[in-house]
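Step one of this worksheet: look at the structure below.
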Amino acid sequence: MASNEKLPTREQDFNEWYVQLVQRAKLADYSDVKGCMVILPNGYAIWENIQKTLDGMFKETGHQNAYFPVLIPERYLQLEKEHVEGFNPQLAIVSVAGGKPLPEGERYVIRPTSETIINASFSKWVQSYRDLPVLINQWANVMRWEMRTRLFLRTTEFLWQEGHTCHETEAEAEEETRRMLECYRVFAEDYMAMPVITGRKTDSEKFAGADRTYSIEAMMQDKKALQAGTSHMLGQNFAKAFKTQFQGRDGQQHFVWQTSWGVSTRLIGALIMTHSDDAGLVAPPRLAATQVVLIIIGKGEERAAVKAKAVALAADMKKKGLRVKVDDDDSKGPGFKYYEYELQGVCMRLELGPKDLAKDQCVLVRRDDKQKVFVPLPEAVEKSAAMLEQMQKDLFTKAKAFRDARTFEVNSYEEMKAKADDGFLLAHWDGSPETEKRIKEETGLTTRNRPFDLKQEPGKCVLTGKDSPGRIVFSKAY
RNA sequence: CGGGGCGUAGCGCAGCCUGGUAGCGCGCCUGCCUUGGGCGCAGGAAGUCGGAGGUUCGAAUCCUCUCGCCCCGACCA
């Protein structure tokens, strides 16, 4: 993989394109630890931008950050039956500590999620209805032993945030669950420029230990679905397991109603597969690590003058809040740099050379359309900011058009099989897990979610012909 | 866990069949040169050949065992 070799095209081999892009765009690399990756600065910067944005949204909705241990007593997990059954196969367990084997019953699991240990605290925190709601978020790493991993999309260790809340009533918990899902939708669409479908997961796809799970589902450029975020209505399942209860307005003891919700570094994979092209990463300006790179062209004294101007421009851009880099490396030619920054997903480059200075102009090139635009220098900063905003909008529009053109209603099982690889299929399903399973086995299609904004009209199941309450999204998925 | 592939310089690979001085491209370092789409020239540094055992005068190469990673399927955000 020489540095000047082109990526495989998406058409040739989408998977190989993705894997090479991630590494060559310096987003992440494999580590010596099986299934784990090293997130490189260019990738971590995107995560930091995701964190910054979401964290602000969580604070805005009244949540506070806290931190709970990475080690969870094994017996905690066992307190909620469905939960332990769901996660058991994926656990890494600490059985030796301090040079001594831990007795059975005192072992720890490395957190795969924190509902249990957080409830151990919640049960102490909550005494009265006056203590509610409890609105907590945690930024953390988690570990789920995976049989098969993929950079960003599924790794044994990953970074995420997990929100955990307690409420007095079921209605409040439900409202919170939906509020945070909506928060994810807004983030996905407005920041990632990635259109998503919000809806409810089927019982077989829901979180182990939840009453209901809602998700945002996105379509990648290979027409496969990616679950990009989930929000769970936990009901009173964990509350009962951990005795998280309060004295209510009626003087009686009640279990709290809970929610949990999370998004992970998987979002970076989603971002990559939604927007990038055969030249490399295309990142939405609001989250990109670097928004503008200024490339200095020229030699000797001329170069010095160009550099001075570029540095001044960059300073003005930074004042405007843009994430900017000046490239003054004279050991590489400009052409080389263009390819490199396109690969790395810098949103825009500003070329500045002696000829430009003479004409008091510069060249701006957007990463997504690569059109050269000549701009008078006094307007360069304003114009850059405007172009970035436009790019943000265009990426969303393009991604939405892509998805919409690949979303179909299907009305028979034959049609469903024929279109199995074509995108999102809206089909009637009788609601039984058996039918769902059979469809998965026979076609590779899984239910994604039942969209909120899809009017539910009765029909007949594509497989069994039995009554269906309404259409649900089927798709091949990551 | 099944199937496949790969471990030789930072990266990508050749060499192995037929045992005998460790090689190529890119990158890196020094100097000169060049700069508007992957510049050029000259010199240079860099490798316990994944690991262990064995065969042999001699092993990257042959034999045995082993470890790791990646890809494809079954589980999952």
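Letters A, B, ... mirror the listed sequences (proteins, then strands); counts begin at 1.
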Sequence neighbours left out, cut at 3.5 Å: what donor-acceptor pairs do the side chains of residues 376-388 of chain A make with other protein atoms?
unit_1: A/E382; atom_1: OE2; unit_2: A/K320; atom_2: NZ; d: 3.4
unit_1: A/S384; atom_1: OG; unit_2: A/A380; atom_2: O; d: 2.7

Q: Verify the contact: side-chain N or O of A/K299 to OP1 or OP2 of B/C39, cut-off strictly under 4.0 Å; return yes or no.
A: no

Q) Between A/L271, A/I272, A/I39, which is the residue that forms a side-chain contact (heavy atoms from CB on, under 4.5 Å) with A/I46? A) A/L271

Q: To the nearest Å, give me how far apart NZ (A/K372) and P (B/G36) are.
A: 10 Å

Q: Using a strict 4.0 Å threshold on nitrogen-to-oxygen distance, state whether A/K299 and A/D330 make a salt bridge.
A: no

Q: Give one of base, sugar-phosphate or nothing for A/Q227, where a contact means two heavy atoms less than 4.0 Å apart.
A: sugar-phosphate

Q: Both distances under 3.5 Å, Watson-Crick or G-U wobble: report the partner of B/G43, or none.
A: B/C29

Q. With sugar-phosphate meaning primed atoms plus P, OP1 and OP2, does A/E441 contact a base, only sugar-phosphate, or nothing at under 4.0 Å between heavy atoms?
A. nothing

Dump every N/O contact between nucleotides 2-7 of chain B and the protein below 3.5 Å, one line per pair.
none

Q) Over how many whole Å does the gap from A/D356 atom CG to B/U35 atom P extend? A) 15 Å

Q. Do the ring planes of A/F207 and A/H232 sit parallel (below 30°), tilted (30 to 60°) or perpendicular (above 60°)?
A. parallel

**Q.** Rounded distance in Å between the P positions of B/U61 and B/G15
**A.** 15 Å

Q | Inter-nucleotide C1' distance (B/G47, B/A9), Å rounded | A | 5 Å

Q.
Quiz question: by atom type and distance under 3.5 Å, do the side chains of A/Q23 and A/Y30 form a donor-acceptor pair?
A. no

Q.
Under a 3.5 Å cut-off for both contacts, is B/U64 paired Watson-Crick or G-U wobble with anything, and if yes, with which nucleotide?
A. B/A52

Q) When you match A/R349 and A/K332 each to their closest nucleotide on RNA chain B, which lands nearer the 5' end? A) A/K332

Are any protein N/O atoms closer than 3.5 Å to N/O atoms in nucleotides 69-72 of chain B? If there are, list each pair with its distance.
unit_1: B/C69; atom_1: OP1; unit_2: A/K34; atom_2: N; d: 2.8
unit_1: B/C70; atom_1: O3'; unit_2: A/Y30; atom_2: OH; d: 3.4
unit_1: B/C71; atom_1: OP1; unit_2: A/Y30; atom_2: OH; d: 3.4
unit_1: B/C71; atom_1: O3'; unit_2: A/N15; atom_2: ND2; d: 3.3
unit_1: B/C72; atom_1: OP1; unit_2: A/N15; atom_2: ND2; d: 2.8
unit_1: B/C72; atom_1: OP1; unit_2: A/R148; atom_2: NH2; d: 3.3
unit_1: B/C72; atom_1: OP2; unit_2: A/R148; atom_2: NE; d: 3.2
unit_1: B/C72; atom_1: OP2; unit_2: A/R148; atom_2: NH2; d: 2.3
unit_1: B/C72; atom_1: O5'; unit_2: A/R148; atom_2: NH2; d: 3.4

Q. Which atoms form the tightest heavy-atom contact between A/F242 and A/A120, and what is the distance?
A. CD2-N, 3.9 Å

Q: Could you give the distance separating B/C63 and B/G20 at their P atoms, to the nearest angstrom?
A: 15 Å

Q) Mind checking the P distance from B/U34 to B/C72? Whole angstroms is fine. A) 49 Å

(Q) With a 3.5 Å cut-off and heavy atoms only, can you find an N or O donor on one side and an acceptor on the other between the side chain of A/E340 and the base of B/G37? (A) no

Q.
Measuring only the P atom in each nucleotide, how far is B/G23 from B/C6? A whole number of Å is fine.
A. 24 Å

Q: Round to the nearest Å and state the distance from A/N88 atom CG to B/C75 atom C1'.
A: 13 Å

Q: Give a yes or no answer on whether the side chain of A/E80 reaches the backbone of A/H83 with a donor-acceptor pair at less than 3.5 Å.
A: yes

Q) Which nucleotide, B/G36, B/C39, B/A77, lies nearest any side-chain atom of A/T155? A) B/A77

Q. To the side chain of A/F336, which of B/C75, B/C39, B/G36 is closest?
A. B/C39

Q: Quickly work out the A/M147 CE to B/A77 C1' distance and round it to whole Å.
A: 15 Å

Q. Is there a donor-acceptor pair under 3.5 Å between the side chain of A/D360 and the backbone N or O of A/D356?
A. no

**Q.** A/D330 CG to B/G36 P, straight-line distance once rounded to whole Å
**A.** 13 Å

Q. Which of these nucleotides, B/G38, B/U35, B/G36, is closest to any side-chain atom of A/P354?
A. B/G36

Q.
Can you tell me if A/Y339 is stacked onto the base of B/G38, using a 5.5 Å centroid cut-off and an angle below 30°?
A. yes

Q.
Between B/A14 and B/U8, how many Å separate the two C1' atoms, rounded to a whole number?
A. 10 Å

Q | Integer angstrom distance from the P of B/A59 to that of B/U21 | A | 12 Å

Q | Rounded distance (Å) that lies between atom C1' of B/G36 and atom CD1 of A/I296 | A | 14 Å

(Q) Atom CH2 of residue position A/W160 - does it have more than 12 heavy atoms of other residues, nucleotides or ligands inside 6.0 Å? (A) yes

**Q.** B/A59: pairing nucleotide in any strand, Watson-Crick or G-U under 3.5 angstrom
**A.** none

Q. In a check of salt bridge (Lys or Arg N to Asp or Glu O under 4.0 Å) between A/E182 and each of A/R185, A/R179, A/R178, which one passes?
A. A/R185

Q) Taking the nucleotide of RNA chain B with the closest heavy atom to each, which residue, A/K370 or A/G229, is nearer the 5' end? A) A/K370

Q) Can you check the A/L343 CG to B/G37 P distance for me, whole Å? A) 19 Å

Q.
Side chain of A/K440, heavy atoms from C-beta onward: which of B/C75, B/C39, B/G36 has the nearest atom to it?
A. B/C75

Q.
Any base atoms under 4.0 Å from A/V142, or only sugar-phosphate, or nothing? Heavy atoms, all strands.
A. nothing

Q.
Is it the case that the side chain of A/R367 and the backbone of A/E342 share a donor-acceptor pair, with hydrogens and angles ignored and the cut-off at 3.5 Å?
A. yes

(Q) If you count every heavy atom of other residues, nucleotides or ligands that lies below 6.0 Å from A/K81 atom NZ, does the total exceed 12? (A) no

Q) So what does A/Q90 touch, heavy atoms closer than 4.0 Å: a base, only the sugar-phosphate, or nothing? A) sugar-phosphate

Q: May I ask you to say what A/L153 touches in the nucleic acid, namely base, sugar-phosphate or nothing, with a heavy-atom cut-off under 4.0 Å?
A: base

Q: To the nearest Å, give me how far apart CD (A/Q23) and C1' (B/G12) are.
A: 12 Å

Q. Considering only the P atoms, how many Å lie between B/U18 and B/C62, rounded to the nearest integer?
A. 9 Å

Q | B/G36: pairing nucleotide in any strand, Watson-Crick or G-U under 3.5 angstrom | A | none

Q. Would you call A/D329 and A/K337 a salt bridge, using N to O less than 4.0 angstrom?
A. no

Q. Given that both distances must come in under 3.5 Å, which nucleotide forms a Watson-Crick or G-U wobble pair with B/C24?
A. B/G12

